[in-house]
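Numbered from 1 within each chain, the chains take letters A, B, ... in sequence-line order. What's counted below: heavy atoms across the whole structure, side chains too, no hydrogens, waters or symmetry copies.
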Number of protein chains: 4
Amino acid sequence: MALSEDQMKAMHKKREKILQEATMLFAVHGYNDTTIAKVANAAGISFGSVFTYFASKEELFYATIKEPLEKLGEELLSFDSNAVNPMKEIEALVQKHVLLISQQPVYLRLFQQVLGQPERFKREFEILNQFFQLFQNKMGILIKRGQELGQLRILHVEAVAISYLSFLNGLRLTTIDGPEHDVWKLFVPCGIQLFGPVE
Amino acid sequence: MALSEDQMKAMHKKREKILQEATMLFAVHGYNDTTIAKVANAAGISFGSVFTYFASKEELFYATIKEPLEKLGEELLSFDSNAVNPMKEIEALVQKHVLLISQQPVYLRLFQQVLGQPERFKREFEILNQFFQLFQNKMGILIKRGQELGQLRILHVEAVAISYLSFLNGLRLTTIDGPEHDVWKLFVPCGIQLFGPVE
Amino acid sequence: MALSEDQMKAMHKKREKILQEATMLFAVHGYNDTTIAKVANAAGISFGSVFTYFASKEELFYATIKEPLEKLGEELLSFDSNAVNPMKEIEALVQKHVLLISQQPVYLRLFQQVLGQPERFKREFEILNQFFQLFQNKMGILIKRGQELGQLRILHVEAVAISYLSFLNGLRLTTIDGPEHDVWKLFVPCGIQLFGPVE
Amino acid sequence: MALSEDQMKAMHKKREKILQEATMLFAVHGYNDTTIAKVANAAGISFGSVFTYFASKEELFYATIKEPLEKLGEELLSFDSNAVNPMKEIEALVQKHVLLISQQPVYLRLFQQVLGQPERFKREFEILNQFFQLFQNKMGILIKRGQELGQLRILHVEAVAISYLSFLNGLRLTTIDGPEHDVWKLFVPCGIQLFGPVE
DNA sequence: TATGAATGAGCATTCATTCAT
DNA sequence: CATGAATGAATGCTCATTCAT
């Protein structure tokens with residue numbers, strides 16, 4: 001018997017709920033200290049049900065990394081690497097990036113954990129790394145054009161891109177925890193400096 | 001009868017060996033997947049002996065973070081915040097920092113893990129954070145002076161310091177793993193840019 | 001979906017089985033030499049299941065003391081402290097008590113262990129002691145009335161009650177192990193003597 | 001090389017010290033929770049030395065039971081089972097026994113533990129039991145003579161002896177903990193009652 | 001004899017996963 | 001599909017005992 005549309009919707013909703021609670025718990029307590037029981041409890045369902053939606057704990061963690069990455073990644077990549085005015089694009093982009101990062105306090109914790117144990121979280125590290133490559137490449141084009149146009153100093157393009165990613169990633173390490181934009185805005189000029197703006 | 005000098009030395013050596021192997025294992029497999037048995041095995045002793053040197057797994061992990069931090073921290077902080085020529089000092093310092101960081105591939109992994117789970121690794125996070133504060137403050141003085149002398153653009157001092165720390169910390173996130181200095185040197189100019197050098 | 005009635009019953013039965021086997025093992029081998037594995041094995045379940053029914057070994061031991069105490073205690077206390085003829089009541093009561101005690105060879109061993117280590121088995125000692133107080137008090141009333149009516153010699157009421165408890169408790173220390181009533185009956189007159197019957 | 005007299009003395013003293021501290025610890029915390037390290041610590045020596053004096057923990061516990069039993073037993077047995085006036089002898093003996101028992105709060109705890117786990121502490125139980133037999137027999141003679149002389153009611157001799165032992169043993173179960181003799185004296189008449197004194 | 005580092009057997013407990021209801 | 005009882009592998013830690021110094 002096929003499931004009704006309502007049931008489908010309800011299941012989708014439940015899946016989202018599990019994912020959301022799992023993200024929170026994984027971020028705060030880490031992979032091992034987050035038990036399936038805790039996730040189920042937070043999601044208001046029985047722990048057996050978690051296995052209806054995710055084949056294993058590993059799978060759940062993977063989903064927890066992957067699905068938001070798709071959204072976040074898309075947003076981080078939504079800039080024009082062929083913009084007429086690279087410098088202007090960079091300025092806009094840093095602003096957007098810093099804002100985005102500041103709004104993902106929980107999620108970025110997960111990244112840290114994966115990045116801190118790449119051997120252990122192989123699959124997760126893989127997709128993160130893949131995104132990093134993409135990001136690096138696209139940024140590279142923009143940076144290169146900026147340098148060619150004389151807007152940016154001549155620096156090793158890849159190194160700049162990596163440095164910028166490090167910068168973004170590291171922002172979350174600060175103890176400045178609230179997402180009050182005013183604080184985060186201070187980092188925008190710093191981020192822009194990384195690209196080596198002339199004058 | 002107290003222990004002989006030779007025995008004391010042997011014990012110290014054994015302790016160091018445990019610490020070293022534990023660092024490696026923690027870095028590669030993470031806290032939970034590193035069992036005391038594995039550490040003991042790697043160190044070539046019985047697992048019971050680990051407890052002769054470290055009261056618990058937690059304690060071992062803590063030592064693994066703390067003791068190297070003292071050395072590394074000292075090196076990172078060994079610059080003159082009142083240098084006559086702040087810009088020159090910064091250039092030298094970035095070079096040294098990037099080199100140091102590039103030589104600590106294993107150890108920095110541990111940092112990531114702690115930073116990714118500050119609630120779980122409270123004590124460890126605490127001392128890391130403490131060092132961050134120190135570093136930030138000392139850097140702040142140097143940056144401020146650079147700005148006052150017109151060598152650096154006017155940027156929010158604290159934000160620059162934090163950005164620089166993020167940059168350093170994040171370098172390890174790249175997949176460029178070998179400590180071949182030539183690669184790492186590319187990041188030096190990027191790091192310097194962060195401070196907003198005039199001209 | 002809640003558990004079916006049958007399941008509930010089965011679980012209750014299993015819990016009882018664990019409790020029973022644990023009691024036996026604790027009594028024979030003591031707390032420390034009784035491993036959860038042995039209990040599970042004796043109960044015919046996996047050791048993991050023991051934790052489904054009892055949160056910890058301590059908890060299991062506690063239940064092992066508490067639950068039977070409630071039953072046994074009620075029986076030991078089921079006498080009329082305001083009986084018209086205290087002496088008769090005492091005679092009946094000693095008979096009943098000695099019989100009861102003779103039927104609890106296993107369980108009383110647990111008492112000994114708790115009484116032998118009150119600091120270690122604090123909670124268990126507490127409830128035992130509480131029962132002792134109750135028993136002592138109720139016995140006290142009966143004894144006092146017996147003395148007032150001239151049926152019993154004048155002795156320190158509390159001391160008599162305590163002595164009687166000691167007597168009951170100590171019976172189990174004898175090597176006469178079978179619950180053949182004929183042997184146990186011999187102790188009834190001795191118990192009665194403790195109250196100081198006149199004539 | 002033979003040990004000097006002084007050394008012998010010192011060793012004997014040390015052995016006594018260990019035994020004393022072990023008795024205390026075993027009594028309060030039980031066999032398993034009393035570690036050799038704790039005993040050594042309490043005795044002010046290194047734990048390795050404990051094994052110089054006692055072959056194993058079991059042996060130490062055994063000594064802890066056996067040696068005091070010899071002294072205590074002798075005192076408890078120092079009465080004249082052929083006394084001209086059995087009743088008088090019994091009165092004196094109960095007084096002495098109750099006093100003795102009241103002065104052994106720590107040691108009697110050990111008895112309880114052994115009696116609560118006879119299978120586990122086989123050897124210890126054996127010697128305790130052996131003493132019980134001796135005591136029972138000697139008491140039996142006295143009781144029998146008392147009954148023949150018409151001083152005591154006719155009761156099952158063995159049962160009386162066992163009851164009396166139970167009574168003595170159980171006294172320690174009361175919460176009256178101080179060795180203030182006045183309290184303990186109250187139990188003397190109760191003990192005497194057990195023998196069924198005529199009139 | 002005294003010391004205490006080294007050893008490893010032994011155990012309580014956790015928790016992902018399975019599966020009957 | 002939802003539930004939660006059952007399972008047992010895995011692991012940190014304790015501690016008696018040995019033995020080199």
Checklist entry - Whole Å only: how far is the OH atom of B/Y31 from the P atom of F/dA10? => result 19 Å
Checklist entry - For the side chain of A/S49 and the backbone of A/T52, is there at least one donor-acceptor N/O pair under 3.5 Å apart? => result no
Item to check | Integer-rounded Å distance: F/dT14 C1' and D/K38 NZ | outcome: 11 Å
Item to check | Sidechain N-carboxylate O distance under 4.0 Å for D/R123, D/E59 | outcome: yes
Next on the checklist: Quick check: do B/H29 and A/R120 have side-chain heavy atoms less than 4.5 Å from each other?
Outcome noted: no
Item to check | Any A/Y53 side-chain nitrogen or oxygen under 4.0 Å from OP1 or OP2 of F/dA2 | outcome: yes
Next on the checklist: With a 3.5 Å distance limit and no angle check, can you tell me whether D/Y107 reaches the backbone of D/M24 through a side-chain donor-acceptor pair?
Outcome noted: no
Next on the checklist: I need the CD1-C1' distance between A/I36 and F/dG4, as an integer number of Å.
Outcome noted: 14 Å
Item to check | Main-chain N/O of D/A27 paired with D/Q113 side-chain donor or acceptor, under 3.5 Å | outcome: yes
Checklist entry - What's the CG-P distance between B/D33 and E/dT14, to the nearest Å? => result 19 Å
Checklist entry - In Å, rounded to the nearest 0.5 Å, how long is the span from CZ of B/F125 to CD of B/E119? => result 8.0 Å
Checklist entry - Which ones in residues 57-67 of chain A lie close to DNA chain E, meaning a heavy atom under 4.0 Å from one of its atoms? => result A/K57
Next on the checklist: Rounded at 0.5 Å granularity, tell me how far CD in D/E67 sits from CD in D/E16.
Outcome noted: 6.5 Å
Using a cutoff of under 3.5 Å, can you pull out all pairs of nitrogen or oxygen atoms linking the protein to nucleotides 7-9 of chain E, with atom names and distances?
{"residue": "E/dT7", "atom": "OP2", "partner": "B/S46", "partner atom": "N", "Å": "3.1"}
{"residue": "E/dT7", "atom": "OP2", "partner": "B/S46", "partner atom": "OG", "Å": "3.2"}
{"residue": "E/dT7", "atom": "OP2", "partner": "B/S49", "partner atom": "OG", "Å": "2.7"}
{"residue": "E/dT7", "atom": "O5'", "partner": "B/S46", "partner atom": "OG", "Å": "3.4"}

Item to check | Test: B/E21 and B/K17 ion pair at under 4.0 Å | outcome: yes
Checklist outcome for this item: Closest to the side chain of A/T35, out of E/dC15, F/dA6, F/dT18, is E/dC15
Checklist entry - For the pair made of CG in A/N32 and P in F/dA10, what is the distance, rounded to whole Å? => result 15 Å
Checklist entry - Which whole-number value in Å describes the distance from D/K9 NZ to E/dT1 P? => result 18 Å
Checklist entry - Does NZ or CZ of D/K57 come closer than 6.0 Å to the centre of the six-membered ring of D/F26, within 45° of the ring's axis? => result no
Item to check | Whole angstrom value for the distance that separates P of F/dC13 from CZ of B/F51 | outcome: 5 Å
Checklist entry - Starting at CG of B/D6 and ending at P of F/dA20, how long is that distance when rounded to a whole Å? => result 17 Å
Next on the checklist: Taking pairing as Watson-Crick or G-U wobble with both contacts under 3.5 Å, can you name the mate of F/dA20, or confirm there isn't one?
Outcome noted: E/dT3
Checklist outcome for this item: Between C/A55 and A/A55, whichever has its closest DNA chain E nucleotide further toward 5' is C/A55
